[in-house]
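Basis for what follows: all heavy atoms, side chains included, without hydrogens, waters or symmetry-related copies. One-based numbering along the sequence shown.
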Amino acid sequence: MTQRRPTIGVFDSGFGGLTVLKALLELIPDADYLYFGDTARLPYGSKSVETVARYAVEAAHYLEAHGAEVLVIACNTATALALDRITAAAHVPVVGVVEPGAEAAASVSQNRRVVIIGTEATIGSHAYRNALESRALSAREKACPLLVPLVEEGWVDHPVTEAVARIYLSEAFADGFHDADTLVLGCTHYPLLKPLLHRVAPSHVKIVDSAESTALVVAGRLKKLLPTKNADEERRAQPRIKFFATDSVEKFRRLGQRFLGLTIEDVQHVDLKE
């Protein structure tokens, strides 16, 4: 008898979490996916812990109701501010993006000195710093608020973006952190900037993408759920992916393709009551 494919629910405040979905699709093609983008209520970064927790728990319950057997909180802000609340409210395993990113940095860094870049809210929560320090690493945090709008504008290889990133990183790697050997991308928009960041960061620095690290953790958790392969089994070539968005479906399709690198078709509008 063939096992049914597991369904992974991915939640984000908007589009950035699609980089996590992209990493999951590459690593775990034998699952189906639900992606919930709370685009009507982004950004989460300017909202209180209470509000973020409430929104994230609503989305988690929505994904569970649609069959998610594992929840991936692909939003750094929601993970940083509300992971414990989401985990307590959910009825399925929950994986956030912070711990996998910190774990990957700990395994990559030779000199135990790490720089983290992210949004104001993620950096202000000190979630990455705490996760890294608990692993005996020294961490320097740097908020880079201009990078998200530049990525959403599609300026991933633009001279303006390069100039902005250069300023942020020169500040991040200053004052005793010039020898830090690892850069953690603490925002799911930043994987789109990886080629640019490789150019701008000091040449000895390794880049840790928490989207990829999270996909690896989920793959490990899912081993038990993944269907056993049968020679005579009819296997679908592609995972089924359903998208839910709380704001314009058209905008989600258009912007989302930049992050996912695939055409986005099945988008359903969801109206979560305040």
Side-chain angles (χ1 to χ4, degrees), residues 10 12 14-29 35 37 43 74-77 97-98 100-111 113-120 122-123 128 132 139-174 177-217 253-264:
V10 181
D12 185 37
F15 305 96
L18 291 165
T19 60
V20 178
L21 177 58
K22 185 179 184 184
L24 286 163
L25 286 165
E26 283 166 13
L27 210 57
I28 317 167
Y35 182 93
C75 176
N76 279 275
T77 304
V97 280
V98 173
E103 189 56 44
S107 66
V108 159
S109 178
Q110 299 287 299
N111 67 1
R113 295 168 72 68
V114 177
V115 167
I116 311 118
I117 55 174
T119 62
E120 297 273 14
T122 300
I123 296 304
Y128 276 98
L132 288 159
R140 152 74 58 79
E141 301 170 299
K142 177 68 185 165
C144 305
L146 295 175
L147 293 183
V148 165
L150 288 166
V151 169
E152 294 202 348
E153 192 59 43
W155 290 14
V156 293
D157 210 15
H158 195 286
V160 167
T161 310
E162 181 156 341
V164 167
R166 205 174 284 283
I167 294 165
Y168 282 146
L169 291 192
S170 68
E171 292 172 358
F173 283 92
F177 266 80
H178 59 276
D179 64 338
D181 66 358
T182 305
L183 174 66
V184 177
L185 307 186
C187 171
T188 50
H189 280 63
Y190 298 174
L192 278 77
L193 296 172
K194 246 194 281 192
L196 184 150
L197 292 170
H198 272 296
R199 285 203 302 275
V200 170
S203 57
H204 65 277
V205 168
K206 295 189 192 73
I207 293 180
V208 167
D209 172 351
S210 53
E212 284 174 2
S213 316
T214 302
L216 283 165
V217 169
R253 280 202 191 99
R254 192 179 72 250
L255 257 183
Q257 288 177 23
R258 284 186 199 155
F259 290 84
L260 193 57
L262 297 170
T263 306
I264 291 178

How close do [X] and [Y] get, heavy atom to heavy atom, and via which atoms?
X	Y	result
K142	A172	CB-CB, 3.8 Å
A180	V205	O-CG2, 3.5 Å
L147	T161	CD2-CG2, 4.5 Å
G118	I123	N-CD1, 3.7 Å
T119	C187	CG2-SG, 4.1 Å
V184	A105	CG2-CB, 3.6 Å

Can you check whether [X] reaches [Y] side chain to side chain, under 4.5 Å on heavy atoms?
X	Y	answer
D12	V20	no
H198	I207	yes
P195	L197	no
E212	L185	no
V151	R258	no
L150	L193	no
T19	H189	no

Would you compute the distance between atom [atom1] of [X] and atom [atom2] of [Y] and round it to the nearest 0.5 angstrom?
X	Y	atom1	atom2	value
E120	T122	CD	OG1	10.0 Å
L192	L18	CG	CG	10.0 Å
Q257	I264	CD	CD1	6.0 Å
T214	L216	OG1	CG	8.5 Å
H178	H204	NE2	NE2	8.0 Å
E26	K22	CD	NZ	6.0 Å

Original post:
Under 6.0 Å from the six-membered ring centre of F173 and within 45° of its axis: does the NZ or CZ of R140 meet both?
Top reply: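 Because its charged atom misses either the 6.0 Å distance or the 45° angle limit, R140 does not stack over F173.
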
**OP:** Spell out, as yes or no, whether a donor-acceptor pair under 3.5 Å connects the side chain of D181 to the backbone of Q110.
**Re:** yes

**OP:** Applying side chain to side chain contact (heavy atoms under 4.5 Å, CB included) between I117 and each of Y168, Y128, Y190, report the one that passes.
**Re:**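 Going through the options one by one, the only one that passes is Y190.
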
Original post:
Aromatic rings F15 and F259: how do their planes relate, parallel, tilted or perpendicular, breaks at 30° and 60°?
Top reply: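 Ring orientation of F15 relative to F259: parallel.
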
